[in-house]
Each structure stands twice: as C-alpha cells, then as structure tokens.
Amino acid sequence: MTELIEKLYRTCDLSGSELKSLIETDDEEAAELLRSRADEVRQRYYGKKVFLRGLIEVSSYCRNDCLYCGIRRSNKEADRYRLTREQIMLCAESGYELGFRTFVMQGGEDSFFTDDFMCGVISELRGKYPDCAITLSLGERSYESYRRMKEAGADRYLLRHEAASEELYAKLHPAELSLSHRKQCLYDLRSLGYQVGSGFMVGAPFQTTDDLIADLRFLQDLRPQMIGIGPFVPHHSTPFAEEKGGTLALTLRLLGILRLMFPKVLLPATTALGTIAPNGRELGLRTGCNVVMPNLSPVDVRKKYELYDNKICTGEEAAECRVCLQRRIESAGYEVAAERGDCVDGQL
Ligand code: 5AD
Ligand code: FES
C-alpha cells in the first residue's frame, strides 16, 4: 500500500487495479500515510486556509424523484418551503456580516425558481456584493438558463454527477433522469465559463469499487474546480430507508485519493461527513479538505431541507454555526479564510 500511495502522490494517477486495492484496503497505516500525504499536498497549495461558503437552501420543492433523497417528489411527508427574494437577501446580508464572501444558493428543482426570478436575485446580489462569489446549485436546467444566470452575475455552479456508471446511475434514479443529460449539463456549465463543482456519494446502495473508479475517471475527464463527496446517509421516508449508509473510513480514503489525484481542487468537508461522525468534518480537513459550507438558511426552514436523517446544524443560527465552525477548524490545526476562495488553478 505504501508504494501505491507514494505513486499516487508522485504521479497523481494509478491504474484501475491499483485504485481498487487502495479503495478497498482497511490497513490503518495506509490510512495514516494517505492522510498525511493528502494534508501535505493541500498545504502546498492552500496552506492552512479553510474557505467558508455560506449555504442558503432556497427551496425544498423538487420535481425529481431520486431514490436516495429526502426531498424527492414522492415523499409526501416532506414539509416543503421556498424562500422569497427578500428572505434570500436577508440571509446574504447576515452572511456578509459574519464574514462570508461566497454565497451558495442551493435547492431542489423547483419550477417556481424561473430564470427571471433567479436572474433578479443574482443581479441584486451582484450589485450589492461585488466582492463576493455567487454560486448556484439548482440542478439540471437548460443551456439558455445557465447562460442567462451567468450573464446576471453567477460565478460558480455545483452539480454532482452522482454516479458515473450507467448501471449504478439507473439504480439510484428514476427512468426519466439520465447520466448523459447530467454530464451534458456539466459540460455546458463549463463551456459557459462557470467554475464547476461535481461529485458523488460514497457508499450509496449497490455501489461497487468499480463504480467509484468510474467516478474518479469521470472527474479526471471533467476536471472540475470543486469536488464534493460525502457518505450516503439513509432517509427514513425514501425507498432506501433500510439501506446501510456510507462509512467514515471509506469516505476519508476517497477524500485522500481525490486530494492526491487533484492537488489543487477545492474539496469540501461536507455536512453529511459531519453527520455520520461528530468530528467527521475535522477528520476531513486533516485528510485534504479545504472548504466548509455552513448553513445561512433561516432556522425555521432548516429541518425541512432534510436530504437525509440526522442532518447537523438544523437548530443553529447562522452566527452559532460560524463560531462553532471556527472553533472546529482551529482545533483541527487550520485557519478560517474570509475570502472568495477561488481554486488556485483557474482551469484545472
Ligand atoms: N445522503 C447523502 N447525500 C445525499 N444527497 C442527497 N441525498 C442524500 C443522502 N440521502 C446529496 C446528493 C446531492 C447533494 C445536494 O446531496 O449527492 O447532489
Ligand atoms: Fe453548525 Fe457546528 S457547524 S453548529
């Protein structure tokens, strides 16, 4: 294992069979070596900085029916909400005061959020906060919609590919969703000049090591500026309620591998990782992660954006999360960077 990790560290790549053994190893020494190499590489490009992104969960309405997700349209028990333009602006205002210089507007695929509505919010944010990055995470939309929102002032777009293997993609999604369309959206976003984030879940039902290798290969082709991964966490009112969740060890292994494969990428320690272990995000930061996305959504809607069970931070005010995160980041040996936090390599 030592040799494989050193080879990945030196060359940023491994063969399929090498990746397979690294992904599957439960050797603790290997885990520690991978962690320390990943940390060394993140520090080479980003020092001890951890970038914060203020996450505004704008809507829990979704037209899609992904089998793993708590806000899928078939979940009749979900309590739905959408924020008004004024509420979004208030979240951004409190975020700006707390030092955030990136706002992420994330939501289900909600047809109420038309291009006109989104462009209105984006231009208002752009005018008010010229020093901030505006990130969108609103799922699959048309090329024209992505184009208009970019023109209105958006900089970045997060759209996980979810699963790069056709077979697995089909097991996690209803028939009307396709991997090829998902990929098309990602290539469209990139060609429009967005900084792009993609990613996948770890330990999703039916996922094999070969599926994970397919995810890594797809990311090598796409070369996104950000890669978001987190463990699959079951949600009680989805078809996957009884499935096992992704493990901490496997998620950390993949984070380490991603940092060595993509030395300059932005790698968030995700909320899902913080949900499956109390110190999950700190462990992520020590294994190559350099971004955290605390929640700026109003407290009264937080419980309703429930993609999976036991999601953390659902009772906390934005300011509380900010303080809590600062403490966590510093206790892990890193420092909060109050800046836009662009990827050090514009075009990876
Ligand atoms: N467990 C973990 N992550 C999930 N997501 C959706 N449902 C779950 C779940 N049950 C992730 C998807 C999506 C992102 C916003 O949240 O990967 O892209
Ligand atoms: Fe939200 Fe700790 S990060 S309460």
**Q** Are more than 12 heavy atoms, taken from residues, nucleotides or ligands other than D26, located less than 6.0 Å from that residue's CG atom?
**A**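 Counting other residues, nucleotides and ligands, CG of D26 stays at 12 neighbours or fewer.
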**Q** Roughly how far apart are E57 CD and E306 CD, rounded to 0.5 Å?
**A**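 It is 11.0 Å, given to the nearest 0.5 Å.
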**Q** Should we count CZ of R35 as having more than 12 external heavy atoms under 6.0 Å?
**A**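 Yes, the 6.0 Å shell around CZ holds more than 12 heavy atoms from other groups.
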**Q** In this structure, are over 12 heavy atoms from other groups packed under 6.0 Å from K171 atom NZ?
**A** yes
**Q** Please name the pair of heavy atoms, one in I122 and one in A154, separated by the smallest distance, quoted to 0.1 Å.
**A**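 Closest approach of I122 to A154: CG2-N, 3.5 Å.
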**Q** Between D342 and R156, which heavy-atom pair has the shortest distance, and what is it?
**A**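 Nearest pair, atom of D342 first, then R156: OD1-NH2, 2.8 Å.
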**Q** Measure from the side-chain N and O atoms of S137 to the backbone N and O of L158, and report whether any donor-acceptor pair falls under 3.5 Å.
**A** yes
**Q** Using the side-chain contact (heavy atoms from CB on, under 4.5 Å) rule, take L177 and C66 through it: C-alpha gap first, then chi angles, then the decisive distance, then the call.
**A** CA-CA 9 Å; L177 291 176; C66 306; 3.9 Å; yes
**Q** Group every Ile, Leu, Val, Met, Phe, Trp and Tyr by side-chain heavy-atom contacts under 4.5 Å, then state whether L248 and F232 land in the same group.
**A** no
**Q** Report the C-alpha distance between Y96 and Y129 in whole Å, list the side-chain angles of each, state the deciding distance to 0.1 Å, and finish with yes or no for ring pair (Phe, Tyr, Trp, His ring centres under 6.0 Å).
**A** CA-CA 8 Å; Y96 192 87; Y129 305 108; 5.0 Å; yes
**Q** Just by distance, do the side chain of N290 and the backbone of L267 share a donor-acceptor pair under 3.5 Å?
**A**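 Yes; at least one donor-acceptor contact below 3.5 Å.
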**Q** Is the distance between the ring centroids of Y157 and Y146 under 6.0 Å?
**A** yes
**Q** Quick one: closest heavy-atom pair of A163 and L172, and the distance?
**A**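 Closest approach of A163 to L172: CB-CD1, 4.3 Å.
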**Q** Test your reading of the model: is there a side-chain donor-acceptor pair from S198 to the backbone of H161, 3.5 Å cut-off?
**A** yes
**Q** Distance-only, no hydrogens or angles: does the R53 side chain make a donor-acceptor pair with backbone N or O of R340 under 3.5 Å?
**A** yes
**Q** Do H181 and E140 have a side chain donor and acceptor closer than 3.5 Å?
**A** yes
**Q** Which atom names give the shortest non-hydrogen contact between R80 and I71, and what distance separates them?
**A** NH1-O, 2.7 Å
**Q** First locate atom CZ of R281, then atom OG1 of T270, and finally report the distance between them rounded to the nearest 0.5 Å.
**A**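 Rounded to the nearest 0.5 Å, the CZ-OG1 separation comes out at 9.0 Å.
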**Q** How about CD on E167, more than 12 heavy atoms from neighbouring residues, nucleotides or ligands closer than 6.0 Å, or not?
**A** no
**Q** Give a yes or no on whether the backbone of R322 and the side-chain of Q326 come within a donor-acceptor separation of less than 3.5 Å.
**A** no
**Q** What distance separates C343 SG from Y46 OH, expressed to the nearest 0.5 Å?
**A** 4.0 Å
**Q** Is it possible for you to say whether L216 and Y169 belong to one hydrophobic cluster, with membership spreading through side-chain heavy-atom contacts below 4.5 Å?
**A**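 No; tracing contacts between hydrophobic side chains, which count when under 4.5 Å, never links both residues.
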**Q** I need the minimum non-hydrogen distance between Y45 and V344, along with the two atoms involved.
**A** O-CG1, 3.8 Å
**Q** Side chains of T208 and D211: any donor to acceptor distance under 3.5 Å?
**A** yes
**Q** If two hydrophobic side chains count as joined below 4.5 Å and joins carry through other members, does F117 share a cluster with I56?
**A**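 F117 and I56: one cluster.
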**Q** Is it the case that the side chain of E109 and the backbone of C62 share a donor-acceptor pair, with hydrogens and angles ignored and the cut-off at 3.5 Å?
**A** no
**Q** In Å and rounded to the nearest 0.5 Å, what is the CZ to NZ distance from R44 to K264?
**A** 10.0 Å
**Q** Minimum heavy-atom separation for I329 and L285, please, with both atom names.
**A**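 Of all heavy-atom pairs spanning I329 and L285, the closest is CG1-CD1, 3.9 Å.
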**Q** Does one side chain, of E316 or N295, offer a donor that lies under 3.5 Å from an acceptor on the other?
**A**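 Checked: E316/N295 side chains show no N/O donor-acceptor pair below 3.5 Å.
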**Q** Indicate yes or no for a side-chain donor-acceptor contact from S237 to the backbone of N75 under 3.5 Å, with no hydrogens or angles considered.
**A** no
**Q** Using atom types as modelled and distance alone, determine if a side-chain donor or acceptor of Q87 lies under 3.5 Å from a backbone N or O of T84.
**A** yes
**Q** Is there a donor in the side chain of S145 and an acceptor in the side chain of D115, or the other way round, less than 3.5 Å apart?
**A**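 Side-chain D/A pair, S145 to D115: present.
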**Q** What's the separation between atom OH in Y81 and atom CG in D110, rounded to the nearest 0.5 Å?
**A** 10.5 Å
**Q** I'd like to know whether CD of E330 has more than 12 heavy-atom contacts from other residues, nucleotides or ligands below 6.0 angstrom.
**A**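 Correct, the count exceeds 12.
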**Q** In terms of side-chain geometry, is the basic nitrogen of K48 or D39 positioned less than 4.0 Å from the acidic oxygen of its partner?
**A** no
**Q** For D221 and Y187, does a side-chain donor sit closer than 3.5 Å to a side-chain acceptor?
**A** yes
**Q** Do any N or O atoms from the side chain of R72 and from the backbone of D65 form a donor-acceptor pair under 3.5 angstrom?
**A** yes
**Q** Do L19 and L252 sit in the same hydrophobic cluster, where Ile, Leu, Val, Met, Phe, Trp and Tyr count as joined when their side-chain heavy atoms come under 4.5 Å apart?
**A**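 Yes, it is one cluster - the side chains of L19 and L252 are joined through contacts under 4.5 Å.
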**Q** Does the pair Y9 and E40 meet the rule for a side-chain contact (heavy atoms from CB on, under 4.5 Å), with working shown?
**A** CA-CA 10 Å; Y9 169 73; E40 180 190 333; 2.3 Å; yes
**Q** Would you say E28 has more than 12 foreign heavy atoms packed within less than 6.0 Å of its CD?
**A** no
**Q** Just do the side-chain contact (heavy atoms from CB on, under 4.5 Å) check on C313 and T271 with the steps written out, would you?
**A** CA-CA 9 Å; C313 301; T271 306; 5.7 Å; no
**Q** Is the backbone N or O of I23 less than 3.5 Å from a side-chain atom of R253, with the two atoms forming a donor-acceptor pair by type?
**A**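 Yes, because the side chain of R253 sits within donor-acceptor range (under 3.5 Å) of the backbone of I23.
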**Q** Looking at side-chain heavy atoms only, is the closest gap between R37 and E6 below 4.5 Å?
**A** yes
